[in-house]
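All values below were derived from every heavy atom in this structure, side-chain atoms included, with hydrogens, water molecules and symmetry-related copies excluded.
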Amino acid sequence: MFIPYGRQDINEQDISNVIDVLKSDYITQGPAINRFEEAFAQKIGANYAFALNSATSALHIACLSLGVEKGDIVWTSPISFVASSNCALYIGAKVDFVDIDLKTFNMSIDALKEKLEEADKNGNLPKVIIPVHLCGTPCDMEEIKKLSEQYGFKIIEDASHAVGARYKDSYIGNCEYSDITVFSFHPVKIMTTGEGGMVFTNDKDISKKLELYRSHGVTRDTELMEWDTEGPWYYQQVALGFNYRMTDIQAALGLSQLERLDEFVTKRNELVEYYKNKLEDLPVSIQEISPDKYSSFHLLVINIENDSDRKAVFENLRSANIGVNVHYIPIHLQPYYKSLGFQEGDFPNAERYYKKAITLPLYPNLKLTEIDFIIEQLKKNIL
Ligand SMILES: *Cc1c(COP(=O)(O)O)cnc(C)c1O
C-alpha cells in the first residue's frame with residue numbers, strides 16, 4: 001500500500017455536518033461562513049477573520065489591503081510554495097527573497113537585518129514582508145516585528161502550514177506580531193475545507209478592505225459608500241475586488257474540522273517524537289525548534305547530511321511505496337522567476353537546503369508500523 005506524504009482526516013461527524021448544510025437553504029453566502037469565521041477568530045484570539053476560497057486568494061487580498069501597488073517591493077522566503085511570492089506579482093509589485101537559516105529552515109533574521117540595512121541605504125525598502133512558518137514552525141516573529149517598526153514595513157504571516165501552531169504560548173493567527181495572517185485549508189494541510197483559506201487581522205480598517213476585496217469590491221455598508229444609499233436594494237462597488245468567497249458547504253467542513261484541530265496537531269507532534277527517536281542514529285538533520293515555539297508539523301523535512309545521492313534515495317523510497325516529497329524547490333530557481341532576473345547562487349542557503357531535503361510522510365492517521373517501515377527503508381538507502 002502507498003503511504004502518501006500527507007492526507008486529510010475526515011470522520012462521520014464531518015460528513016454529517018456537511019450534509020446538514022447541503023439540505024439547508026444556503027449552500028453559499030449563508031450562516032455557516034459566519035459561524036466558521038467567528039469560531040476561528042475566537043479560538044485563535046484575533047479580532048477579525050474572513051474565510052476565502054484559498055490561501056493564494058488570501059495572500060493576494062492581504063497584499064492589496066496593506067496598500068501594495070505596482071512597483072512596490074515585497075520580500076518573502078525562497079523556500080516556500082510559489083503562492084507566497086506570486087501574490088505580489090499579481091499586483092505588479094517587485095518580489096525579492098531573504099535567504100533561510102540552515103538550522104530553522106525559516107527566513108534568517110541575520111540575513112533579513114543585513115538586507116534591510118542595505119535596502120535602507122539604497123532607498124529600496126520593502127513595503128511588505130511575508131514570513132513563512134515553514135513546516136508549521138513559527139518564525140522569530142518578535143524579531144521581525146521589531147525590524148518592521150525600525151524600517152516601516154508591514155507583515156503578512158504566511159501561516160498556511162501553521163494552523164494550530166503556537167508562538168510564545170499563543171496561537172499563530174492572533175496577529176500580535178503582524179498586520180495579517182493567512183491560513184490554508186488544502187487537504188494536505190493541518191485541517192481542510194477541500195480548497196480554502198482564511199485571513200485574520202486585528203485592524204478594523206484592514207478588515208473592511210479584506211471584506212471588500214473578497215467579494216467584487218461591492219458593499220451594502222452605507223459607511224463605506226461614496227454617496228448616499230438610494231434604497232434598501234442598493235449596493236456600491238467601491239474597489240476592484242474578486243470572487244474569492246468560500247462556500248457554506250466548505251465552511252461546514254471547516255467548522256467541524258476546527259473542533260478537531262488541537263487533536264490533529266497533538267497527533268502530528270506525537271508522530272514526530274516517534275520519528276525523531278528513530279532518526280537520531282541516522283546522518284540526517286531536522287528543523288531546530290526553540291522552546292518558545294510549538295510546531296503544527298504540517299511537514300517533516302529531513303536534510304541528508306552525508307554524501308548519499310538524494311535523487312537515488314528519493315527514487316528508492318518511492319519504489320518502496322513511500323510517498324516522499326521535496327518541499328520546496330527554491331522559488332527563485334523556477335523558470336518564471338529566472339525570467340525576472342533571479343539566478344543560481346542568489347540564495348545559497350536555500351539552494352543548499354533544497355539539494356539535501358526530503359519530506360517524510362506525516363498525517364494524523366499515519367501508523368507507527370508505517371514509520372518503522374519508512375525508517376527501515378531510509379536506513380537501507382542512506383547508510
Ligand atoms: C499551500 C500553500 C499556499 C497556498 O495555499 P492554497 O490554499 O492551496 O492556495 C501558500 N503558501 C504556502 C506556504 C503553502 O504551503
A.B. asks: Please check if the number of heavy atoms outside Gln237 that lie under 6.0 Å from its CD is greater than 12.
C.D. replies: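 Check passes, neighbour count above 12.
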A.B. asks: Has Asn202 got a side-chain atom pairing as donor or acceptor with Asn174's backbone, closer than 3.5 angstrom?
C.D. replies: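 Side chain of Asn202 to backbone of Asn174: a pair is present.
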A.B. asks: Whether Lys367 and Asp372 form a salt bridge (side-chain N of Lys/Arg under 4.0 Å from carboxylate O of Asp/Glu) is what I want to check.
C.D. replies: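 No salt bridge links Asp372 with Lys367.
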A.B. asks: Among residues two or more places apart or on two chains, list those pairs meeting side chain to side chain donor-acceptor pair (under 3.5 Å) that have a residue in residues 303-331.
C.D. replies: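 Residue pairs with at least one partner in residues 303-331: His161-Tyr328, Ser285-Glu305, Glu305-Lys356, Asn306-Ser308, Asn316-Asn381, His327-Thr359.
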A.B. asks: Check the pair Phe105 / Tyr353 against ring pair (Phe, Tyr, Trp, His ring centres under 6.0 Å), numbers first and verdict last.
C.D. replies: CA-CA 8 Å; Phe105 305 169; Tyr353 161 94; 4.9 Å; yes
A.B. asks: Can you confirm whether Lys168 sits close enough to Met141 that some side-chain heavy atom of one is under 4.5 Å from a side-chain heavy atom of the other?
C.D. replies: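 Counting from C-beta outward, Lys168 and Met141 never come under 4.5 Å.
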A.B. asks: Is a donor from one side chain sitting under 3.5 angstrom from an acceptor on the other, for Asp292 and Ser290?
C.D. replies: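 The criterion, which ignores hydrogens and geometry beyond distance, is satisfied for Ser290 and Asp292.
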A.B. asks: Once salt bridge (charged side-chain N to carboxylate O under 4.0 Å, His left out) is applied, do any residues pair with Arg260, and if so which ones, sequence neighbours excluded?
C.D. replies: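 Listed in chain order: Asp9, Asp14.
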A.B. asks: Considering all heavy atoms of both residues, which atom of Phe342 and which atom of Val95 are nearest to each other, and what is their separation?
C.D. replies: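 Minimum heavy-atom separation between Phe342 and Val95: CZ-O, 3.2 Å.
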A.B. asks: Using modelled atom types and a 3.5 Å cut-off, is there a donor and acceptor pairing between side-chain atoms of Ser77 and backbone atoms of Met107?
C.D. replies: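 Between the backbone of Met107 and the side chain of Ser77 there is no qualifying donor-acceptor contact (under 3.5 Å).
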A.B. asks: Within a radius of less than 6.0 Å around CD of Glu149, do more than 12 heavy atoms belonging to other residues, nucleotides or ligands occur?
C.D. replies: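 Counting neighbours around CD of Glu149, more than 12 heavy atoms of other residues, nucleotides or ligands fall under 6.0 Å, so yes.
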A.B. asks: Looking at Thr201 and Asp179, would you say the former's side chain and the latter's main chain have a donor-acceptor pair under 3.5 Å?
C.D. replies: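 Yes; at least one donor-acceptor contact below 3.5 Å.
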A.B. asks: Quick one: CG on Leu134 to OG1 on Thr104, what's the gap to the nearest 0.5 Å?
C.D. replies: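 Rounded to the nearest 0.5 Å, the CG-OG1 separation comes to 9.0 Å.
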A.B. asks: Looking at every non-hydrogen atom in both residues, tell me the closest pair between Leu59 and Ala83 and how far apart they are.
C.D. replies: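 Heavy atoms only, the tightest pair is CD1-O, 3.6 Å.
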A.B. asks: Would you say Asp221's side chain and Glu223's backbone share a donor-acceptor pair under 3.5 angstrom?
C.D. replies: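 Yes; at least one donor-acceptor contact below 3.5 Å.
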A.B. asks: Answer with yes or no whether the side chains of Gln13 and Asn17 bring together a donor and an acceptor at under 3.5 Å.
C.D. replies: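 Yes, because at least one side-chain N or O of Asn17 sits under 3.5 Å from a partner of the opposite role on Gln13.
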A.B. asks: Name all residues meeting the salt bridge (charged side-chain N to carboxylate O under 4.0 Å, His left out) criterion together with Lys267; count only those two or more places apart in sequence or in a different chain, and write none if there are none.
C.D. replies: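 If we apply the salt bridge (charged side-chain N to carboxylate O under 4.0 Å, His left out) test to Lys267, skipping adjacent residues, there are no hits.
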A.B. asks: Return the CG to CG distance between Leu255 and Asp248, rounded to the nearest 0.5 Å.
C.D. replies: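 It comes to 10.5 Å.
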A.B. asks: How long is the span from the OG atom in Ser296 to the CG atom in Leu261, to the nearest 0.5 Å?
C.D. replies: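 With rounding to 0.5 Å, OG (Ser296) is 8.5 Å from CG (Leu261).
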A.B. asks: Could you tell me whether the side chain of Lys189 reaches within less than 4.5 Å of the side chain of Phe183, counting heavy atoms only?
C.D. replies: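 Of all side-chain heavy-atom pairs linking Lys189 with Phe183, none is under 4.5 Å.
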A.B. asks: Once rounded to the nearest 0.5 Å, what's the spacing between atom CD1 of Ile91 and atom CG of Asp72?
C.D. replies: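 It is 8.5 Å, given to the nearest 0.5 Å.
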A.B. asks: Can you check side chain to side chain contact (heavy atoms under 4.5 Å, CB included) on Glu37 and Asn34, steps first, answer last?
C.D. replies: CA-CA 5 Å; Glu37 291 169 344; Asn34 289 335; 3.6 Å; yes
A.B. asks: Are a donor atom and an acceptor atom from the side chains of Tyr244 and His60 found within less than 3.5 Å of each other?
C.D. replies: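 Judged by distance alone, the side chains do pair up.
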A.B. asks: If you compare all heavy atoms of Ile322 against all heavy atoms of Pro361, which two are closest, and at what distance to 0.1 Å?
C.D. replies: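 It is CG2-CG, 3.8 Å.
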A.B. asks: State, without any angle test, whether His133 and Glu157 hold a side-chain donor-acceptor pair at a distance under 3.5 Å.
C.D. replies: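 On atom types as modelled, these side chains qualify, holding a pair under 3.5 Å.
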A.B. asks: Are the side chains of Leu279 and Leu282 in touch, meaning some heavy atoms are under 4.5 Å apart?
C.D. replies: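 In short, these two side chains touch, coming nearer than 4.5 Å.
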A.B. asks: What distance do Glu351 atom CD and Ile100 atom CD1 have between them, rounded to the nearest 0.5 Å?
C.D. replies: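 CD1 of Ile100 is found 10.0 Å from CD of Glu351.
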A.B. asks: Counting C-beta onward and ignoring hydrogens, is there a side-chain heavy-atom pair between His216 and Arg245 closer than 4.5 Å?
C.D. replies: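 A side-chain contact exists here, since the closest heavy-atom pair is under 4.5 Å.
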A.B. asks: Can you measure from CD1 (Ile190) to CG (Leu299) and round to the nearest 0.5 angstrom?
C.D. replies: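 The CD1 atom of Ile190 sits 8.0 Å away from the CG atom of Leu299.
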A.B. asks: Is there a donor-acceptor pair closer than 3.5 Å between any side-chain N or O of Lys115 and the backbone N or O of Phe97?
C.D. replies: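 Confirmed, Lys115 side chain pairs with Phe97 backbone.
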A.B. asks: Would one find more than 12 heavy atoms of other residues, nucleotides or ligands at under 6.0 Å from atom NZ of Lys145?
C.D. replies: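 For Lys145, atom NZ is crowded (more than 12 foreign heavy atoms under 6.0 Å).
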A.B. asks: List the atom of Thr247, the atom of Ile27, and the distance in Å for their closest heavy-atom pair.
C.D. replies: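 Where Thr247 meets Ile27 most closely, the heavy atoms are CB-O, 3.5 Å.
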A.B. asks: Tell me, please, which residues at least two apart from Glu344 pass salt bridge (charged side-chain N to carboxylate O under 4.0 Å, His left out).
C.D. replies: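 Checked Glu344 against salt bridge (charged side-chain N to carboxylate O under 4.0 Å, His left out); matches are Lys338.
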A.B. asks: Between Asp99 (side chain) and Asn349 (backbone), is there a donor-acceptor pair under 3.5 Å?
C.D. replies: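 At least one qualifying donor-acceptor pair exists.
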A.B. asks: Ignoring hydrogens and geometry, is there a side-chain-to-backbone donor-acceptor pair from Gln236 to Glu226 under 3.5 Å?
C.D. replies: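 Yes; at least one donor-acceptor contact below 3.5 Å.
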A.B. asks: Is the backbone of Val163 close enough, under 3.5 Å, to the side chain of His298 for a donor and an acceptor to pair up by distance?
C.D. replies: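 Absent.
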A.B. asks: Where is the tightest heavy-atom contact between Val182 and Ala62, given as atom of each residue plus distance?
C.D. replies: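 Taking Val182 first and Ala62 second, the nearest heavy atoms are CG2-CB, 4.5 Å.
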A.B. asks: Is the distance between the ring centroids of Phe36 and Phe185 less than 6.0 Å?
C.D. replies: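 So the answer is yes for these two rings.
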A.B. asks: Side chains of Ile3 and Phe373, heavy atoms from C-beta outward: is any pair under 4.5 Å?
C.D. replies: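 Ile3 vs Phe373: side chains touch.
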A.B. asks: Who pairs with Tyr336 by side chain to side chain contact (heavy atoms under 4.5 Å, CB included), at least two apart in sequence or on another chain?
C.D. replies: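 Counting only residues at least two positions away or on another chain, Tyr336 forms a side chain to side chain contact (heavy atoms under 4.5 Å, CB included) with Leu89, Leu340.
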A.B. asks: Would you tell me whether Gln8 and Thr192 have side-chain atoms, one donor and one acceptor, within less than 3.5 Å of each other?
C.D. replies: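 Their side chains do not contain a donor-acceptor pair, so the 3.5 Å distance test is not met.
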A.B. asks: Quick check: closest heavy atoms across Gly173 and Ala46, and the distance to 0.1 Å?
C.D. replies: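 Scanning both residues completely, I find the closest heavy atoms to be O-CB, 3.5 Å.
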A.B. asks: Does the side chain of Asp158 pick up a donor-acceptor pair with the side chain of Ser160 at under 3.5 Å?
C.D. replies: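 Side-chain D/A pair, Asp158 to Ser160: present.
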A.B. asks: Anything under 30° is parallel, anything over 60° is perpendicular, the rest tilted; go ahead and classify Phe347 against His332.
C.D. replies: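 Ring orientation, 0 to 90° scale: perpendicular.
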A.B. asks: May I have the step-by-step check of side chain to side chain contact (heavy atoms under 4.5 Å, CB included) for Phe50 and Ser207, ending in yes or no?
C.D. replies: CA-CA 8 Å; Phe50 298 101; Ser207 80; 3.8 Å; yes
A.B. asks: Using a strict threshold of under 4.0 Å (side-chain N to carboxylate O), is an ion pair present between Lys43 and Asp262?
C.D. replies: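 Salt bridge present between Asp262 and Lys43.
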A.B. asks: Would you check, one step at a time, whether the test salt bridge (Lys or Arg N to Asp or Glu O under 4.0 Å) holds for Glu273 with Lys276?
C.D. replies: CA-CA 5 Å; Glu273 273 311 305; Lys276 270 191 191 166; 3.7 Å; yes
A.B. asks: Using a 4.5 Å cut-off between side-chain heavy atoms of Ile, Leu, Val, Met, Phe, Trp and Tyr, which other residues end up in the same hydrophobic cluster as Met1?
C.D. replies: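 Under the 4.5 Å side-chain rule, Met1 groups with nothing.
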A.B. asks: State yes or no: do Trp233 and Tyr235 share one hydrophobic cluster built from I, L, V, M, F, W and Y residues joined by side-chain heavy-atom distances below 4.5 Å, directly or via other members?
C.D. replies: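 In one cluster: no.
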A.B. asks: Within 45 degrees of the ring normal and closer than 6.0 Å to the centroid, is that where the cationic atom of Arg7 sits relative to Tyr363?
C.D. replies: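 No, cation not above the ring by the 6.0 Å, 45° rule.
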A.B. asks: Does some side-chain heavy atom of Asp120 sit less than 4.5 Å from a side-chain heavy atom of Glu117?
C.D. replies: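 The answer is no; the side chains never approach within 4.5 Å.
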